[in-house]
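Shown next, in structure tokens, is the structure this report addresses.
For ligands, and for the atoms within them, numbers begin at 1 and follow the listed sequence. Values reported hereafter were calculated over all heavy atoms of this structure, with side chains retained and with hydrogens, waters and symmetry mates removed. None of these values were measured; they are calculated from a predicted model.
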Amino acid sequence: MTQNKITVENIRAMKARGEKIAALTAYDFPMAKLLDEAGIPMLLVGDSLGMVVLGYPDTTHVMMEEVEHHLRAAARAHPRALLGGDLPFRSYETPHSALRNAQRLVTAGAEYVKAEGGRTILAQVRAIVSAGIPICGHLGMLPQRVLEEGGYHVKGKTPSERRDLLADARALAEAGAFAIVLELVTPPVAKEITEDLSIPTIGIGSGAGCDGQILVISDLVGMFPWFTPRFVKPQANCGEQIKLAVAAWKKSLG
Ligand code: KIV
């Protein structure tokens with residue numbers, strides 16, 4: 001057993017202490033191990049893996065088997081960090097399928113699952129929580145709805161969007177979610193939700209007022225240089241470094 005394993009309770013306690021929660025995605029063994037060694041307390045095998053690892057145009061193509069495969073790899077790192085897995089598109093359409101697929105992710109190594117949506121998926125959230133599986137909500141821009149919404153749009157700009165986001169966040173917290181990702185929510189609304197809830201909010205492109213921040217690791221370290229979201233400031237240029245290393249090795253062959 002890894003020493004001082006981080007639990008859902010530890011993540012919740014970070015909010016209570018006012019300690020910022022740093023969360024990152026990881027899709028395999030070496031990355032989970034590196035991020036764990038760097039002291040990141042919360043990891044996610046996100047369905048973003050479909051875009052930044054598997055080459056799909058969006059996350060709607062990701063299958064349960066693909067998340068399970070990558071979760072098993074990340075879990076083999078036995079991170080101290082809390083390790084989660086995303087429920088992919090259409091894997092939680094009913095409480096029954098949500099629970100069955102959440103159990104599959106737990107079997108693959110997830111210590112929490114994440115699902116997109118608010119009041120429309122409350123029965124699914126309750127079924128997962130009742131089975132003792134921690135769940136993280138996801139509100140704001142929902143990547144699994146990109147085809148329906150025709151793009152990745154910022155949420156919370158209108159009074160009705162603000163009201164809906166607040167009502168969804170409160171409903172998820174009441175249903176037992178231990179944290180909520182807020183993606184592309186206007187910073188004032190993300191801050192308002194954060195102050196309203198007793199569970200942590202983890203922002204992505206939603207300003208500094210959230211309890212924590214999550215990024216796709218490939219964006220943070222420049223491993224997917226063909227597209228970088230505007231809210232990410234890459235801290236490394238791994239793609240360029242790989243090309244330079246390979247070119248140097250090729251040249252050394254003479
Ligand atoms: O799929 C993903 O990686 C995510 C996070 C970026 C929140 O949902």
Going by the side chain to side chain donor-acceptor pair (under 3.5 Å) test, name the single residue among Lys114, Gln144, His138 that passes it with Asp86. Lys114
Hey, is [X] touching ligand 1 through its side chain, its backbone, both or neither, going by heavy atoms under 4.0 Å?
{"X": "His138", "result": "side chain"}
{"X": "Ile202", "result": "neither"}
{"X": "Thr25", "result": "side chain"}
{"X": "Asp86", "result": "side chain"}

With no hydrogens and no angle check, is any side-chain donor or acceptor of [X] less than 3.5 Å from a backbone partner on [Y]?
{"X": "Gln124", "Y": "Glu93", "result": "yes"}
{"X": "Lys5", "Y": "Pro79", "result": "yes"}
{"X": "Thr25", "Y": "Gly46", "result": "no"}
{"X": "Lys155", "Y": "Leu139", "result": "no"}
{"X": "Asp36", "Y": "Arg80", "result": "yes"}

Salt bridge flag under 4.0 Å for residues Arg119 and Glu174: no
In the protein, which heavy atom is nearest to [atom], and how far is it?
{"atom": "atom 6 (C) of ligand 1", "answer": "Ile204 CD1, 3.6 Å"}
{"atom": "atom 5 (C) of ligand 1", "answer": "Leu44 CD2, 3.9 Å"}
{"atom": "atom 3 (O) of ligand 1", "answer": "Ser48 OG, 2.5 Å"}
{"atom": "atom 8 (O) of ligand 1", "answer": "Lys114 NZ, 2.9 Å"}

May I ask you to check if ligand 1 and Glu183 share an N or O to N or O distance below 3.5 Å? no
Within 4.0 Å of some non-hydrogen atom of Gly46, the atoms of ligand 1 are 1 (O), 2 (C), 3 (O)
